[in-house]
Amino acid sequence: MNVFKTFSIEAARSLPNLSDGHPCKNVHGHSFKITIIVQGTINEKSGFVIDFSEIDSSFKPILEKI
């Protein structure tokens, strides 16, 4: 069984070396969706493949880096 959770993140940037008038020279944003998929068997005791809180805690260090 696959279990997945999708995270949405926002980022902003500017590219100051572009010519004046280029839209990317100004600060502008981008939206991203990151989906984490965990494949496994259902634990008979818990009924979970993985607890969503484990996905959150595993993703936190990645999110801090990006």
Practice problem: Could you list the residues that satisfy salt bridge (charged side-chain N to carboxylate O under 4.0 Å, His left out) with D56, not counting sequence neighbours? | Solution: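 Testing D56 for salt bridge (charged side-chain N to carboxylate O under 4.0 Å, His left out), a comparison that skips the adjacent residues, returns K5.
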Quiz item: Got a second to check how far I34's CD1 is from I62's CD1, nearest 0.5 Å?
Solution: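 One finds 8.0 Å between CD1 of I34 and CD1 of I62.
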Quiz item: Say you draw a straight line from CD1 of I42 to CD1 of I50; how long is it, rounded to the nearest 0.5 Å?
Solution: 13.5 Å
Quiz item: Do any N or O atoms from the side chain of S58 and from the backbone of I55 form a donor-acceptor pair under 3.5 angstrom?
Solution: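 No: the side chain of S58 does not pair with the backbone of I55.
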Practice problem: Answer yes if V38 and M1 sit in the same cluster of Ile, Leu, Val, Met, Phe, Trp and Tyr residues linked by side chain heavy atoms under 4.5 Å apart, and no otherwise. | Solution: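 Per the 4.5 Å side-chain linkage, V38 and M1 are co-clustered.
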Self-check item: Taking every non-hydrogen atom, the tightest pair across F4 and F52
Solution: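 Shortest heavy-atom contact: O-CE2, 3.6 Å.
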Self-check item: Considering all heavy atoms, the nearest K25-P16 contact
Solution: CE-O, 3.5 Å
Quiz item: Taking only residues at least two apart or on different chains, which pairs with a member in residues 23-49 satisfy ring pair (Phe, Tyr, Trp, His ring centres under 6.0 Å)?
Solution: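 Qualifying pairs: H28-H30.
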